[in-house]
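Take a look at the structure below.
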Amino acid sequence: MEGIGSYGAGLAVFLDQAGEQVVEVCRPKRAANRGGRKTDMLDAIRAAKEALTTEHLIQPRLRGEREALRVLLATRHGAVLASTAAINQLKALIVSAPDDLRSELRKLKRPAQIAYCAQFRDRPAQDLEHRMTVRAMRSTAQRVQALQAEAKELENEILTLVRQQASALLGSLGVGPITAAQILVSWSHQGRFRSEAAFASFAGVSPIPASSGLTIRHRLNRSGDRQLDRAMHTITLIRMRLDPSTKTYVARKVAEGKTSRDAQRCLKRVVCRQIFKILERSAGTNSATSKNSLKRLDTT
């Protein structure tokens with residue numbers, strides 16, 4: 001099936017519950033001759049050929065707890081983007097505001113500006129431009145506060161789910177609730193990736209040979225799940241700034257003749273390996289705990 005994560009989600013769940021084996025396929029390549037030959041039957045045949053010729057079949061991501069994390073992440077991301085847009089709008093209003101109004105906000109930092117503007121009251125003694133600017137600033141600042149509160153509330157929900165599914169991830173340096181949630185969403189479940197190398201390739205951190213002549217080097221993989229790659233990149237940057245052992249590792253790679261970007265690429269590969277081991281270990285612990293719980297229920 002194509003589009004299991006969107007339009008095909010309902011059918012994939014129905015087939016899985018009916019005991020059918022569901023295989024996810026990427027969008028089939030378009031025909032070389034675009035002569036208008038496109039029907040649902042032809043698309044189905046192309047998808048089947050794609051699955052038959054693929055060396056490693058793609059297992060669909062799980063629903064349930066993983067899907068709960070995904071929708072919370074998507075909603076929070078939308079709130080953060082809207083909050084950023086509202087802050088930019090408020091900044092533009094401050095820049096073009098009347099001078100007497102702008103002087104009230106000049107020495108305040110951004111959080112204080114937002115709180116100050118959100119508490120504006122109507123000023124009937126001022127002219128029309130001043131009154132309407134105050135109203136626009138108040139509305140925009142209150143929107144920023146509402147969106148930030150929404151994002152914070154969603155982050156707390158995400159943190160609760162992450163602690164339930166893989167609390168060991170949060171114990172790793174540089175992994176916060178948002179990055180941990182993205183890792184869990186992309187990883188999905190134990191057994192989906194045949195090895196940690198496959199997981200690294202999916203995360204876009206596997207080295208790609210880029211040698212030429214006497215120059216032997218590798219470049220960064222720019223394919224795969226970009227959101228997962230972003231999470232790995234965030235973890236890498238935090239460790240490079242805070243972790244002494246990571247600083248030593250990067251310095252050793254640079255001393256070996258690698259550039260700073262190549263050293264960072266090597267570090268991302270190491271981080272990905274560590275994260276994969278934590279995920280597999282946590283999944284094994286959770287499954288063992290579930291089996292023990294079932295046994296206790298049977299005996300009682």
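R102 contributes a side-chain N or O that, together with a main-chain N or O of A97, makes up a donor-acceptor pair within less than 3.5 Å. Judged by distance alone, with hydrogens and angles left aside, the side-chain atoms of S172 form no donor-acceptor pair with the main-chain N or O of V175 at under 3.5 Å. Here the side chain of R131 pairs a donor or acceptor atom with the backbone of Q126 at under 3.5 angstrom. Here the side chain of T75 pairs a donor or acceptor atom with the backbone of V71 at under 3.5 angstrom. Under a 3.5 Å cut-off, the side chain of T53 and the backbone N or O of E50 do form a donor-acceptor pair. Between the side chain of T246 and the backbone N or O of L242, no donor-acceptor pair lies under 3.5 Å. In this structure, the side chain of S103 engages the main chain of D100 through a donor-acceptor pair within 3.5 Å. The backbone N or O of S188 lies less than 3.5 Å from no partner atom in the side chain of R66, so there is not a single donor-acceptor pair. A donor-acceptor pair is defined here as one N or O able to donate and one able to accept, closer than 3.5 Å; such a pair exists between the side chain of T84 and the backbone of V80. For the pair Q113 (side chain) and L105 (backbone), a donor-acceptor distance under 3.5 Å is present.
One distance of note links CG of N156 with CZ of R76; it measures 10.5 Å at 0.5 Å rounding. Rounding to the nearest 0.5 Å gives a distance of 7.5 Å between CG of L173 and CD1 of I238. Interatomic distance, CZ of R163 versus CD1 of I158, reported as 13.0 Å (0.5 Å rounding). Put simply, CG on L279 and CD on E196 are 12.0 Å apart, with the number rounded to the nearest 0.5 Å. With rounding to the nearest 0.5 Å, the separation of CD in Q59 from CZ in R194 is 11.5 Å.
Look at D225 and R230 and you find no salt bridge, because none of the NZ, NE, NH1 or NH2 atoms lies under 4.0 Å from a carboxylate O. Ion pair R70/E67 flagged as a salt bridge, since at least one NZ, NE, NH1 or NH2 atom sits closer than 4.0 Å to an Asp/Glu carboxylate oxygen. Ion pairing between a basic and an acidic side chain is recognised when a charged N comes within 4.0 Å of a carboxylate O; R63 and D16 show no such pairing.
Both tests pass for R192 against the ring of F202: distance under 6.0 Å to the centre and angle within 45° of the axis.
Side-chain N/O atoms of Q89 and R143 include a donor and acceptor closer than 3.5 Å. For E129 and T133, the side-chain atoms include no donor-acceptor pair closer than 3.5 Å.
Residue E256 places its CD atom among more than 12 non-hydrogen atoms of other residues, nucleotides or ligands, all under 6.0 Å distant.
Sequence neighbours left out, not one pair with a member in residues 69-109 passes ring pair (Phe, Tyr, Trp, His ring centres under 6.0 Å).
With hydrophobic clusters built from ILVMFWY side chains whose heavy atoms lie under 4.5 angstrom apart, I278 shares a cluster with L161.
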>> Checking E104 against R123 for the salt bridge (charged side-chain N to carboxylate O under 4.0 Å, His left out) test, could you report, in this order, the C-alpha distance in whole Å, the side-chain angles of both residues, the deciding distance, and whether it holds?
In response: CA-CA 14 Å; E104 299 180 33; R123 302 177 179 183; 2.9 Å; yes

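The residue from I94, N88, I114, L93 that alone fulfils the side-chain contact (heavy atoms from CB on, under 4.5 Å) condition with T140 is L93.
Nearest heavy atom pair, residue L184 against residue A166, reads CD2-CB, 3.9 Å.
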